[in-house]
Amino acid sequence: MTYDINQSGITPAVCRDDSRSGHGCAPASDQIPLGVEIQRLARAVRRYLGLTMPASAREATDGNASIIMFLDHHRGDEIFQHDIETRFCITRSTASRVLTRMEHKGLIIRKPVARDARLKRIVLTQKADRIVADLISNGSRAEDSLTAGFTPDELVRLRGYLARLHRNMDAALDTAAQTQPTRAPAQSATGQEPSHSAGQLAASIIRNNHTTIEEEQERNQ
C-alpha cells in the first residue's frame, strides 16, 4: 500500500482490508511512520506562520527577518558581518549586500568597536525591535494553537519524548557520519542548540517558507 504524504486535502482513511490499495485507502494514523507525521506537523506550522505573518515582518522581506531574530537572540554579544556569513552559510559579498540593504531600510546600524575601529558590530534599530515584538507575538499565538487542550503534565511528557527522539536521531547521525567519512556530520551553523523561543520559531519559518537570502539578492540585482 502506497500513499503520497505531500498530497493536500486528503483525509487518511482506514481500509477494511489492508491488502486493498488505491484512491481513498490510506494507512491508519498509527501505521504512518513517525518521521512522516513530524514532517506533516512541521509543514502545518509553517503554513500557519506564513499566513499569519505580521505586516512588519513582511516589510522586512525574506531573509531579513531571520537575521533580525538572530541579532535579537545575541543582543548581549558583539555580532559582526562574518558571524552572519557563518550562521546563514552565505558568501562575504552576499552578506555585505544584505546588510547594506537592511541598513538602508533602517533595520540595523553598524557601530565601530573601541578595540579596533575597522570592526563594526551590527546593532538592531527601534524599527527592527518592533518587528521582533511582532514575530514573538505571532509565534506565541502559534504555540498556543499547537498546544491547545494539552495539560501541563502532558506537555512536560511530550517535551521529554521529543528530547528522546532528538537524542536517538543524533546518535543515528553520528553512526551514519562514521560509516560515511566523506560527509561531515550535520550541525548548526553556530554550534549551539537552536532557541525554542516563539520568535525564533517564527523566524525559522520565514526563512524556510520564502526565498533564501541568495535568491533575494539575485532577484534584486
Side-chain angles (χ1 to χ4, degrees), residues 39 42-43 45-140 142 182-221:
Q39 291 176 11
R43 284 199 296 271
V45 173
R46 283 198 294 270
R47 288 197 298 271
Y48 175 88
L49 287 169
L51 289 171
T52 60
M53 186 190 305
S56 60
R58 293 183 187 279
E59 180 185 355
T61 72
D62 304 325
N64 293 171
S66 297
I67 294 176
I68 288 171
M69 293 309 302
F70 172 72
L71 292 170
D72 176 68
H73 185 60
H74 293 277
R75 280 185 185 271
D77 305 323
E78 289 185 340
I79 300 297
F80 303 100
Q81 178 176 315
H82 66 81
D83 297 308
I84 301 297
E85 296 167 12
T86 300
R87 172 62 181 83
F88 294 95
C89 301
I90 55 178
T91 64
R92 179 182 299 179
S93 60
T94 297
S96 179
R97 288 195 299 270
V98 170
L99 293 174
T100 297
R101 288 179 62 83
M102 291 181 70
E103 199 168 18
H104 289 163
K105 293 175 187 176
L107 299 173
I108 62 168
I109 56 176
R110 290 188 256 200
K111 293 184 175 181
V113 296
R115 66 179 183 277
D116 189 342
R118 294 171 299 178
L119 294 175
K120 292 187 178 180
R121 57 191 290 255
I122 304 168
V123 181
L124 293 177
T125 64
Q126 290 185 346
K127 180 178 181 180
D129 288 341
R130 290 191 292 271
I131 294 174
V132 169
D134 289 343
L135 285 172
I136 290 175
S137 178
N138 193 43
S140 295
T182 57
R183 295 185 180 182
Q187 60 182 7
S188 64
T190 59
Q192 300 174 342
E193 287 297 316
S195 168
H196 297 292
S197 71
Q200 286 297 108
L201 170 65
S204 69
I205 299 311
I206 290 171
R207 183 171 67 253
N208 292 324
N209 203 40
H210 293 271
T211 56
T212 63
I213 293 173
E214 293 91 335
E215 289 170 340
E216 178 192 5
Q217 292 306 306
E218 290 175 359
R219 188 185 61 233
N220 290 327
Q221 287 179 347

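Once rounded to the nearest 0.5 Å, the distance linking CG of Asp129 with CG of Asp134 reads 11.0 Å. With rounding to the nearest 0.5 angstrom, the CD1 atom of Ile84 is 12.0 Å from the SG atom of Cys89. Note that CG of Leu124 and CD1 of Ile109 are 9.0 Å apart. Values are rounded to the nearest 0.5 Å. With rounding to the nearest 0.5 angstrom, the OG1 atom of Thr125 is 10.5 Å from the CD atom of Glu103. In this structure, CZ on Arg46 lies 7.0 Å from CZ on Arg43, to the nearest 0.5 angstrom. Annotation: the span from Arg115 atom CZ to Leu119 atom CG amounts to 6.0 Å, rounded to 0.5 Å.
Panel note: side chain Thr86, backbone His82; a donor-acceptor pair is recorded below 3.5 Å.
When the shell of 6.0 Å around CZ of Arg92 is examined, it contains 12 or fewer heavy atoms from other residues, nucleotides or ligands.
Not counting sequence neighbours, the partners of Arg121 by the side-chain contact (heavy atoms from CB on, under 4.5 Å) test are Glu78, Phe80, Lys111, Val113, Val123. The salt bridge (charged side-chain N to carboxylate O under 4.0 Å, His left out) check on Asp77 picks up nothing, with sequence neighbours excluded. Every side-chain contact (heavy atoms from CB on, under 4.5 Å) that Arg130 has, sequence neighbours left out, goes to Gln126, Lys127. Qualifying side-chain hydrogen bond (donor to acceptor under 3.5 Å, both in side chains) partners for Thr52, counting only residues two or more places apart in sequence or in other chains: Asn138. Partners of Thr100 according to the side-chain hydrogen bond (donor to acceptor under 3.5 Å, both in side chains) rule, which considers only residues two or more places apart in sequence or in another chain, are Arg110. Residues that satisfy the side-chain hydrogen bond (donor to acceptor under 3.5 Å, both in side chains) test with Asp83, not counting sequence neighbours, are absent from this structure.
Counting heavy atoms from C-beta on, the side chains of Phe70 and Ile79 come closer than 4.5 Å.
Minimum heavy-atom separation, Arg58 to Gly50: NH2-O, 2.9 Å.
Considering Ile108, Leu107, Val132 in turn, Ile108 is the only one that fulfils the side chain to side chain contact (heavy atoms under 4.5 Å, CB included) rule with Leu71.
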Between Thr94 and Thr91, is a side-chain hydrogen bond (donor to acceptor under 3.5 Å, both in side chains) present by the stated rule, with each step listed? CA-CA 5 Å; Thr94 297; Thr91 64; 3.0 Å; yes
